[in-house]
Amino acid sequence: MATPLGIHEIKRPHTQSVVLSYFDSQNQATVTRYVISIPEAKLWATIDMIRAQGHHQWQHYWQVAPQLKVLNNGQQLDLGEEFRLATTSDTVSLSQTLWAPRYNQLEHLSRIETEQDFTNFGIQGTVVGRQSDGVQLISITPTQSGSELAVTTSAAWGINVKLNNGDDFLITLQPDNTIVGRKLFWFDGIEAYGTLNVFKRHNGNVVYHEQIL
C-alpha cells in the first residue's frame, strides 16, 4: 500500500519541475521522483530515488505508445523515428505487454524494462528527447569541494545531457543533507550547491544556472 507524502511544482524561467514522493509500507521504502522539463530543448528528465534498508533489486517499466517501434541500442533506445530515451541503468531490455485501447479489447505494446541492485539507497536517471538532437546521457562522478575523492550517490549525483548543437544540460542532485565537510560539490568542472540544479552550457561555457531546490 502506497501512502502519498507530497507533490511540489516548481517553475523557473527555463525549467518546469515536479517532485513527487510516497511511502511503500509493504517494502518499507520511500520513493521520490523528480520530473524536469526543459521546453527550449524539448527535453524531459526523470530522476527516481529510493530508500529502503538492506539489499534490493529495483525494476523500472516504461510503456511505449503502440504505434512506436523501439530500437534498443543499450542505454539509448530510439522510439519510432522522432524520440530517444536514454537511461543511466546498465541493464535494459524490451518486452511486450498488454493494453486495452477499448474495453475488453486487448492489444500489445512495447515495454522498456530496467533493472539494478542497490543497498539502502538507489537512484536512476532517464531522459527523453529528440533523435535529431543526438541526445546522449552521461553519468557524472561528483567530488566534494576540498577533496578529490568521489562521494556516495546519496551525497551527490549528477548527469549530463549532451546535444549535437554544442549544448549540454548538467543536472546535479544532493539527496542527503551534508553534515561533514563542505556543502559544495564538483560536477564535471562545475561547483554546485543545493538539492537540485540545472546548468545549461554551450561549447563548455555556462549559459544559465537554475537552482530548482
Side-chain angles (χ1 to χ4, degrees), residues 5-6 8 10 12-15 17-21 23 28-38 41 43-58 60 75 86-91 114 116-127 135-163 166-213:
L5 298 178
H8 188 197
I10 308 107
R12 298 285 185 262
H14 299 283
T15 60
S17 307
V18 178
V19 185
L20 315 95
S21 59
F23 178 71
Q28 292 294 293
T30 301
V31 180
T32 302
R33 168 169 282 186
Y34 301 88
V35 181
I36 305 164
S37 169
I38 308 175
L43 282 174
W44 285 89
T46 300
I47 303 169
D48 290 303
M49 191 170 70
I50 185 168
R51 298 178 187 273
Q53 290 299 307
H55 186 77
H56 305 271
Q57 189 177 74
W58 191 18
H60 275 78
Q75 290 180 295
T87 174
T88 59
S89 175
D90 292 329
T91 305
T114 67
Q116 68 183 76
D117 293 332
F118 74 93
T119 301
N120 300 331
F121 178 86
I123 190 167
Q124 180 174 308
T126 306
V127 171
V135 174
Q136 288 184 294
L137 178 59
I138 300 170
S139 295
I140 303 298
T141 302
T143 58
Q144 192 170 17
S145 182
S147 169
E148 296 182 356
L149 299 177
V151 296
T152 63
T153 54
S154 62
W157 177 93
I159 53 174
N160 193 13
V161 186
K162 290 194 171 185
L163 308 182
D167 288 347
D168 71 84
F169 295 86
L170 176 67
I171 301 174
T172 74
L173 183 70
Q174 295 178 39
D176 287 345
N177 186 22
T178 302
I179 305 298
V180 179
R182 299 177 184 175
K183 295 181 182 291
L184 290 169
F185 290 84
W186 286 98
F187 301 84
D188 193 31
I190 297 288
E191 201 170 28
Y193 170 85
T195 301
L196 183 63
N197 294 275
V198 174
F199 296 85
K200 177 185 177 180
R201 296 182 290 189
H202 182 73
N203 294 333
N205 299 310
V206 175
V207 178
Y208 64 74
H209 163 226
E210 291 190 342
Q211 184 171 348
I212 297 172
L213 291 170

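Looking at residues two or more places apart in sequence or on another chain, you find a ring-ring contact (aromatic ring centres under 6.0 Å, His included) between His209 and Phe199. Annotation: salt bridge (charged side-chain N to carboxylate O under 4.0 Å, His left out) contacts of Asp117 (sequence neighbours excluded): none. Considering only residues two or more places apart in sequence or on other chains, Arg51 meets the side-chain hydrogen bond (donor to acceptor under 3.5 Å, both in side chains) condition with Asp176.
For the atom pair CD (Gln75) and CG (Asp90), the distance works out to 5.5 Å, reported to the nearest 0.5 Å. Between the OG1 atom in Thr172 and the CG atom in Leu196 there is a gap of 6.5 Å [rounded to 0.5 Å]. Annotation: the span from Ile123 atom CD1 to Gln116 atom CD amounts to 9.0 Å, rounded to 0.5 Å. Distance check, rounded to the nearest 0.5 Å: CG of Asn120 to CD of Gln53 gives 4.5 Å. The CG atom of Asp168 lies 11.0 Å from the CD atom of Gln136; values are rounded to the nearest 0.5 Å. Here His56 contributes atom NE2 and Ile50 contributes atom CD1; the two are 7.0 Å apart, rounded to the nearest 0.5 Å.
The heavy-atom pair separating Gln211 from Gly194 by the smallest distance is NE2-CA, 3.6 Å. Here the closest non-hydrogen pair linking Pro142 and Ala156 is CG-O, 3.5 Å. Nearest heavy atom pair, residue Ala41 against residue Leu163, reads CB-CD1, 4.2 Å. Smallest separation of non-hydrogen atoms from Ser145 and Glu191: OG-OE2, 2.9 Å.
At least one side-chain heavy atom of Gln28 sits less than 4.5 Å from a side-chain heavy atom of Phe23. With contacts defined as side-chain heavy-atom distances shorter than 4.5 Å, the pair Trp157/Met49 does not qualify. Side-chain contact between His14 and Val198 is absent, with no heavy atoms from C-beta onward closer than 4.5 Å. Looking at Thr126 and His60, their side chains never come closer than 4.5 Å, going by heavy atoms from C-beta outward.
Between the side chain of Asp167 and the main chain of His202, no donor-acceptor pair closer than 3.5 Å is present. Put simply, the side chain of Glu210 gets close to the backbone of Thr15: a donor and an acceptor are under 3.5 Å apart.
Applying the side-chain contact (heavy atoms from CB on, under 4.5 Å) test between Phe169 and each of Leu43, Ile36, Val127 identifies Leu43 as the sole match. Of the options Thr46, Ile212, Ile10, Leu173, a side-chain contact (heavy atoms from CB on, under 4.5 Å) to Tyr34 is made by Leu173 and by none of the others.
Within 6.0 Å of OH in Tyr208 there are more than 12 heavy atoms belonging to other residues, nucleotides or ligands. No more than 12 heavy atoms of other residues, nucleotides or ligands shown are found within 6.0 angstrom of CD on Glu148. Residue Trp58 qualifies as enclosed at atom CH2: its count of foreign heavy atoms under 6.0 Å is above 12.
A salt bridge links Arg33 with Asp48: at least one charged nitrogen is closer than 4.0 Å to a carboxylate oxygen.
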